[in-house]
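Single-structure report; data block below.
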Amino acid sequence: MRRVARLWRRAVRLAGRLVRPPRTIRFTRDGVKFVVVALAIGVAAINTGNNLLYLVLAMMLSFIILSGILSEVTMRGITVSRDVPTTAVAGQPVAVRVGVTNGKRWAPSFSLAVHDLLARGGRRGAGAPAPEGPPRTYFLRVAPGETVWRHYTYTFARRGRTRFAGFRLATRYPFGLFLKSGLVEGPGEVIVLPPVDPVAAPPSGESQTAGDRPVARRGHGSTPSGLREYRPGDEPRTIHWRRSAALGDLVVREFDRDDRDRVLVALATVFPEGARSRPRFEERFEAAVRRAASLAAHYLERGYEVELRTGGGVVPLGTGARQRQAILTTLALVEPTFARTAPLPPAGAGMLPVLVTPDASLHAAEELAAYRHVEAPSL
């Protein structure tokens with residue numbers, strides 16, 4: 001029984017290879033002409049019995065056989081790898097490196113075209129191939145044991161997570177009569193960040209800034225700002241004893257607060273069930289995501305502490321490039337959800353709360369009142 005089962009599995013694998021062969025072959029334009037001429041010479045040889053025509057026909061048929069053998073040798077032992085940035089920005093070209101390794105010991109490979117394939121089932125537009133086809137790189141010669149790298153540039157249309165399915169390896173070597181191709185595994189993914197637009201000015205309602213820099217505020221910190229008279233309630237450790245002895249009265253050191261201005265950027269992502277039927281809702285939501293990314297980047301570039309809140313998560317307060325990357329990555333993956341209620345992200349205490357929503361009419365007035373600035377990008 002085991003032997004029968006083993007033979008059955010082999011038969012199934014063989015049938016699968018016949019139905020889905022590892023290589024596909026199709027005629028090129030020159031190949032069609034070549035075969036037509038070969039058929040014509042074959043008919044003439046049969047009708048006339050001319051040995052010279054039989055010789056020419058045999059030579060042409062040998063070219064076809066030799067083409068299949070050499071193209072298969074070229075594609076055997078080839079592995080393809082991809083070096084793609086972990087993040088990209090929607091609408092901006094990104095460079096992707098493709099490497100071809102020839103694992104054969106003695107035979108070089110010639111004229112290899114590598115097409116990078118994107119996985120199906122992703123978001124439409126989030127990195128879908130351009131109308132002219134998937135990105136392509138060309139390798140003229142890869143020596144035995146050698147790895148050759150080429151690169152192509154690609155522009156992802158929209159934000160989101162884009163997955164790569166693999167590669168399609170093709171060659172017309174040696175005579176250009178046939179195009180032989182096959183699939184090569186090569187999974188991967190890239191997170192496409194939303195684009196960041198310049199923000200002309202901070203939203204109205206900021207009361208503690210002057211220009212682009214936070215105003216120094218009096219409080220408990222480590223940066224001295226001057227001296228003043230002692231007031232009841234001041235901590236004894238802040239008394240400047242030498243100066244107090246010279247003046248005959250108590251004076252204390254005054255410090256600038258070390259904490260920076262804090263901004264909450266809240267993106268509405270939960271909406272009533274009927275919101276999805278509104279005209280151009282998806283475009284409006286994408287515009288809101290882009291606006292939230294632009295506001296967060298604007299404040300971070302000016303030294304503010306920024307926190308991002310969405311219906312699905314929170315990026316805690318932070319500053320600098322790492323915080324910018326975390327916020328943009330979160331916004332790249334955010335999606336709208338639809339429920340019976342549409343709770344807004346809570347406004348933080350002690351922050352400048354800015355709400356970004358595709359449509360302010362989707363929220364109750366008392367919810368909007370918790371935010372000092374509401375952004376509803378219009379198309």
Side-chain angles (χ1 to χ4, degrees), residues 6 9-26 28 67-88 93-158 160-174 178-192 332-333:
R6 192 181 304 112
R9 287 193 295 268
R10 290 181 180 177
V12 170
R13 286 196 296 267
L14 179 60
R17 291 179 181 178
L18 294 176
V19 175
R20 292 179 299 176
R23 305 276 192 263
T24 58
I25 300 176
R26 66 179 180 87
T28 63
S67 177
I69 295 174
L70 292 180
S71 62
E72 183 63 26
V73 170
T74 288
M75 297 184 66
R76 284 287 178 92
I78 294 296
T79 57
V80 187
S81 56
R82 181 193 303 105
D83 183 12
V84 59
T86 54
T87 57
V94 61
V96 180
R97 297 175 71 230
V98 176
V100 169
T101 301
N102 184 1
K104 296 186 291 293
R105 296 183 178 180
W106 57 273
S109 294
F110 298 93
S111 187
L112 293 172
V114 179
H115 302 265
D116 207 348
L117 304 177
L118 300 178
R120 297 180 180 178
R123 293 182 52 194
R124 184 174 180 85
E132 63 271 12
R136 174 181 178 273
T137 50
Y138 181 75
F139 299 81
L140 179 61
R141 183 181 184 275
V142 183
E146 183 185 18
T147 300
V148 179
W149 290 90
R150 298 284 186 271
H151 79 277
Y152 68 87
T153 56
Y154 190 76
T155 302
F156 296 93
R158 293 180 60 183
R161 190 190 304 274
T162 299
R163 292 182 173 87
F164 295 90
F167 305 94
R168 186 171 72 247
L169 187 64
T171 184
R172 299 190 182 192
Y173 180 79
F178 307 96
L179 177 64
K180 178 176 286 189
S181 61
L183 297 179
V184 179
E185 294 184 358
E189 71 174 25
V190 59
I191 297 177
V192 183
L333 303 177

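These numbers were taken from a predicted model, which means no experiment stands behind them.
Two residues are said to be in side-chain contact when any heavy atoms from C-beta on lie closer than 4.5 Å; R158 and V192 fail this criterion. A 4.5 Å side-chain heavy-atom check between L118 and Y154 finds at least one atom pair inside the cut-off. Contact check for T155 versus T153: no side-chain heavy atoms found under the 4.5 Å cut-off. At least one side-chain heavy atom of S109 sits under 4.5 Å from a side-chain heavy atom of I78.
Atom OH in Y173 sits 10.0 Å away from atom OG in S67 (nearest 0.5 Å). We find the CD1-NZ distance between I25 and K180 to be 4.0 Å, quoted to the nearest 0.5 Å. Taking CZ from F167 and CG from L183, the interatomic distance works out to 11.5 Å, rounded to the nearest 0.5 Å. R76 contributes atom CZ, which lies 10.5 Å from atom OG of S71 (distance to the nearest 0.5 angstrom). Between N102 atom CG and M75 atom CE the span is 12.5 Å, to the nearest 0.5 Å. Note that OG1 of T24 and CZ of R168 are 8.0 Å apart. Values are rounded to the nearest 0.5 Å.
Residues meeting the side chain to side chain contact (heavy atoms under 4.5 Å, CB included) test with T147, sequence neighbours left out: T101, W149.
The shortest heavy-atom contact between T28 and L179 is CG2-N, 3.9 Å. In terms of heavy atoms, V73 sits closest to A107 at CG1-CB, 4.1 Å. Here the closest non-hydrogen pair linking A95 and P85 is O-CD, 3.4 Å.
For the pairing with V100, the side chain to side chain contact (heavy atoms under 4.5 Å, CB included) check across T137, V114, V184 returns one residue only, V114.
Within a 6.0 Å sphere centred on CZ of R150, other residues, nucleotides and ligands contribute more than 12 heavy atoms.
For residues 95-109, the salt bridge (Lys or Arg N to Asp or Glu O under 4.0 Å) pairs, not counting sequence neighbours, are D83-R97.
Between F156 and F164, the two ring planes are perpendicular [angle over 60°; tilted spans 30° to 60°].
Side-chain atoms of T171 come within 3.5 Å of backbone N or O of S111 as a donor-acceptor pair.
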